[in-house]
Amino acid sequence: MDKPLVTDIYTADPSAHVFGDKIYVYPSHDRETDIQFNDNGDQYDMVDYHVLSLDRIDKRPATDHGVGLTASDIPWVSKQTWAPDALQNPNTGKYQLYFPARDKDGIFRIGVATSDKPEGPFKPEADYIKGSFSIDPCSFVDEDKQSYLYFGGIWGGQLQCWSKNADGTMSFDDSMSGPKEPKGEGVAALPAKVAKLKAPELLEFDGEVQDMQILDPDTMNPLPADDHERRFFEAPWMHRYQGKYYFSYSTGDTHNICYAVGDSPNGPFVYRGQVLQEKDVSGWTTHHSFVEVPRGKLTGEDEVTSGTRWYIFYHSCDVSGGVSHLRSVRVSEVKYDDKGDIHLA
Ligand code: FUB
C-alpha cells in the first residue's frame, strides 16, 4: 500500500483532479470526537475542508494549503461537512467546491462555494442548492462542457428517506432515518442521483434530478436491493475512458469499490466489477476517485512527454490503528485491460 498523502491531519473521501500543473485533492477533514460510533455516522463530525496538492504523484507529504472552507462560515450548515468534490467551471474558469452538510433541520443538503484558485479559499453561497439532498457530491464536466452533479448515500446519508411525489417534487420521511433500506425478493436497490448544473455559474440544478440505474449484466434488470456485494451505497464518482462513462461507488456495509459502464453520463450503466475490496482498506467506510494524469513530472517520469496514467485515490484507517472515523488518503495506480476493465496496477 502506498504512503498516506499527509499524516499530521486525518483526511478521507478524496476527490482528485488535475488543474494546471498539479494534482489537487479535495478530501474530508476527519477529527477526533467523543461521539460514539453509530450507523447514522454521527462520529463523522467534520467542521472544515483542507485542500491538498501534489506536483509529483509520489511526493510525501502532499502540500496542505490549509483550510479552504469552514462550516461556521456557511449560513445554512448546522454540522457534518462530509465528502466534497470540485470542478473548474468551463464557462468562467473559476473553481467550485460542492459539499454536503446537515442543514439547520438536520437534513443533509449539498452546497457550493467558489474561488479564483483551485486551493481556495472558497466563498460559500448563502443557501444550499435548491432541490439538493443526501450526500457525496461528485462534479463532472463532460467533453461538450455540460456539467453534472452526482450524489447520494444511504443510511447516514439519508437517501432512503427521500421519495418522489406525483408532481415531481421530493419528500423527506424522517422515520426512514438509520440503517434502513429496501429489501426482499424482486425489490430493486436505491439508485444514486444525477442532475445537470445550470450554465454559466453552475450554482443550481438545471432540470429534474434523475436516477442512476445500474443493471445486472445477466438479466439487464436493476441490481437487487439484497445484493449488498454490488448495490450502490454511497461515494458516487464519474469518469470517462475511451468514450465510455464509468460510474463507480462504494457498497458501504460490504466495503467494495465497484463500477458500472454506460454510453451516456446519466446511464443506464451495466455492472462491470470491483476495483477495491474489504481486504484493500481498513475501517468501515470506503470512498475513492479516479483521475487521469499526463505522463511527465506529475507521474514522476521527467523524461516522458506523452500518454497518461490513471490513479485511484482512496482512504484507509491504518494510520489511526483502524479507527473508522480517523482516515488517511492514499493513492494507487490502476490500469485498464483490453476490455476496458479496471485493475490495480
Ligand atoms: O466522510 C463521511 C462519509 O463517510 C462520506 O460522506 C461517505 O462517503 C463515507 O466515506
Side-chain angles (χ1 to χ4, degrees), residues 9-16 25-33 35 37-50 52 69 71 77-86 97-103 106-111 128 132-139 149-161 177-179 181 190 192-193 212 231-238 247-259 275-276 278 280-290 312-317 319-320 322-330:
I9 59 170
Y10 291 110
T11 56
D13 308 323
S15 297
V25 184
Y26 301 87
S28 301
H29 176 201
D30 286 353
R31 62 172 191 157
E32 311 246 10
T33 167
I35 299 169
F37 182 100
N38 62 30
D39 286 329
N40 234 11
D42 290 343
Q43 66 278 20
Y44 298 93
D45 187 37
M46 297 83 108
V47 293
D48 60 23
Y49 295 107
H50 283 231
L52 309 179
L69 182 64
V77 167
S78 63
K79 61 178 182 175
Q80 290 180 301
T81 46
W82 282 11
D85 190 15
L97 186 76
Y98 297 88
F99 57 92
R102 285 189 194 255
D103 68 10
I107 297 176
F108 272 108
R109 304 283 188 174
I110 297 170
Y128 57 77
S132 71
F133 54 92
S134 197
I135 58 166
D136 290 359
C138 159
S139 49
L149 200 70
Y150 300 86
F151 59 95
I154 61 176
W155 297 10
Q158 302 177 331
L159 188 62
Q160 73 280 2
C161 299
S177 290
E181 61 182 297
L190 275 176
K193 305 291 177 188
M212 294 283 289
R231 63 99 170 76
F232 171 79
F233 189 96
E234 61 187 1
W237 186 258
M238 174 58 62
F247 176 60
S248 50
Y249 56 93
S250 163
T251 59
D253 56 349
T254 49
H255 320 291
N256 301 317
I257 294 293
C258 294
Y259 67 106
V275 182
L276 294 180
E278 183 164 15
D280 299 312
V281 290
S282 64
W284 199 94
T285 66
T286 182
H287 190 128
H288 71 296
S289 59
F290 291 101
I312 183 169
F313 283 73
Y314 58 102
H315 65 234
S316 189
C317 301
V319 174
S320 68
V323 181
S324 277
H325 65 279
L326 298 177
R327 302 162 288 181
S328 299
V329 168
R330 302 173 170 281

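First listed ligand is number 1; within each ligand, the first listed atom is number 1.
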Asker: Can you tell me which residue and heavy atom of the protein come closest to atom 10 (O) of ligand 1, and the distance to 0.1 Å?
Answerer: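 So the nearest neighbour among protein heavy atoms is Asp13 OD1, 2.6 Å.
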
Asker: Should His288 and Ser248 be marked as a side-chain hydrogen bond (donor to acceptor under 3.5 Å, both in side chains) after you check the CA-CA gap, both sets of side-chain angles, and the distance that decides it?
Answerer: CA-CA 9 Å; His288 71 296; Ser248 50; 2.8 Å; yes

Asker: What's the shortest heavy-atom distance between Pro100 and Ala83, and which atoms?
Answerer: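 Nearest heavy atoms, Pro100 then Ala83: CD-O, 3.0 Å.
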
Asker: Enumerate the atoms of ligand 1 whose separation from the nearest heavy atom of His287 is less than 4.0 angstrom.
Answerer: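 This gives 7 (C), 8 (O), 10 (O) as the contact atoms.
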
Asker: Check each atom of ligand 1 against the heavy atoms of Ala83 and keep those under 4.0 Å away; list them by number with element.
Answerer: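 Every atom of ligand 1 under 4.0 Å from some heavy atom of Ala83: 6 (O).
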
Asker: Number the atoms of ligand 1 from 1 as they appear, then name those within less than 4.0 Å of a heavy atom of Ile135, with their elements.
Answerer: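 Reading through ligand 1 atom by atom, the close ones are 6 (O).
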
Asker: What protein heavy atom lies closest to atom 6 (O) of ligand 1? Include the residue and the distance to one decimal.
Answerer: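 Among all protein heavy atoms, the one nearest atom 6 (O) of ligand 1 is Asp136 OD1, 2.5 Å.
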
Asker: Which of the numbered atoms in ligand 1 are under 4.0 angstrom from any heavy atom belonging to His315?
Answerer: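 Counting from 1, the qualifying ligand atoms are 10 (O).
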
Asker: Is His325 near ligand 1, meaning one of its heavy atoms is under 4.0 Å from it?
Answerer: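 Not so, His325 does not reach ligand 1.
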
Asker: Give the residue, atom name and distance (to 0.1 Å) of the protein heavy atom nearest atom 9 (C) of ligand 1.
Answerer: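 Scanning the protein heavy atoms, the shortest distance from atom 9 (C) of ligand 1 goes to Glu234 OE2, 3.4 Å.
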
Asker: Please determine whether a side-chain nitrogen of the Lys or Arg among Lys193 and Asp136 lies less than 4.0 Å from a carboxylate oxygen of the Asp or Glu.
Answerer: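 Looking at Asp136 together with Lys193, the answer is no, because their closest N to O distance does not fall below 4.0 Å.
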
Asker: Starting from atom 4 (O) of ligand 1, locate the nearest protein heavy atom and write down its residue, its atom name and how far away it is, to 0.1 Å.
Answerer: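 In this structure, atom 4 (O) of ligand 1 has Arg327 NH1, 3.2 Å as its nearest protein heavy atom.
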
Asker: Classify the ring geometry of Trp284 against Trp155: parallel below 30°, tilted from 30° to 60°, perpendicular beyond 60°.
Answerer: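 Plane angle between 30° and 60°, so tilted.
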
Asker: For atom 3 (C) of ligand 1, which protein heavy atom lies nearest, and how many Å away is it?
Answerer: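 Its nearest protein heavy-atom neighbour is Trp82 CE3, 3.8 Å.
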
Asker: Consider side-chain contact (heavy atoms from CB on, under 4.5 Å). Of Ser28, Pro14, Ser316, Ser289, which one does Val329 pass it with?
Answerer: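 Of the listed residues Ser28, Pro14, Ser316, Ser289, the side-chain contact (heavy atoms from CB on, under 4.5 Å) partner of Val329 is Pro14.
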
Asker: What is the ring orientation for Tyr44 with Trp82, classed by angle as parallel under 30°, tilted 30 to 60°, or perpendicular over 60°?
Answerer: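 It falls in the perpendicular class, over 60°.
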
Asker: Could you tell me, atom by atom, which parts of ligand 1 come under 4.0 Å of a heavy atom of Met46?
Answerer: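 The atoms of ligand 1 under 4.0 Å from a heavy atom of Met46 are 1 (O), 2 (C).
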
Asker: Do Asp13 and Arg327 meet the salt-bridge criterion of a basic N to acidic O distance under 4.0 Å?
Answerer: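 So Arg327 pairs with Asp13 through a salt bridge.
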
Asker: Should Asp280 and His255 count as side-chain neighbours, where that means a heavy-atom distance under 4.5 Å?
Answerer: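 No, their side chains stay 4.5 Å or more apart.
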
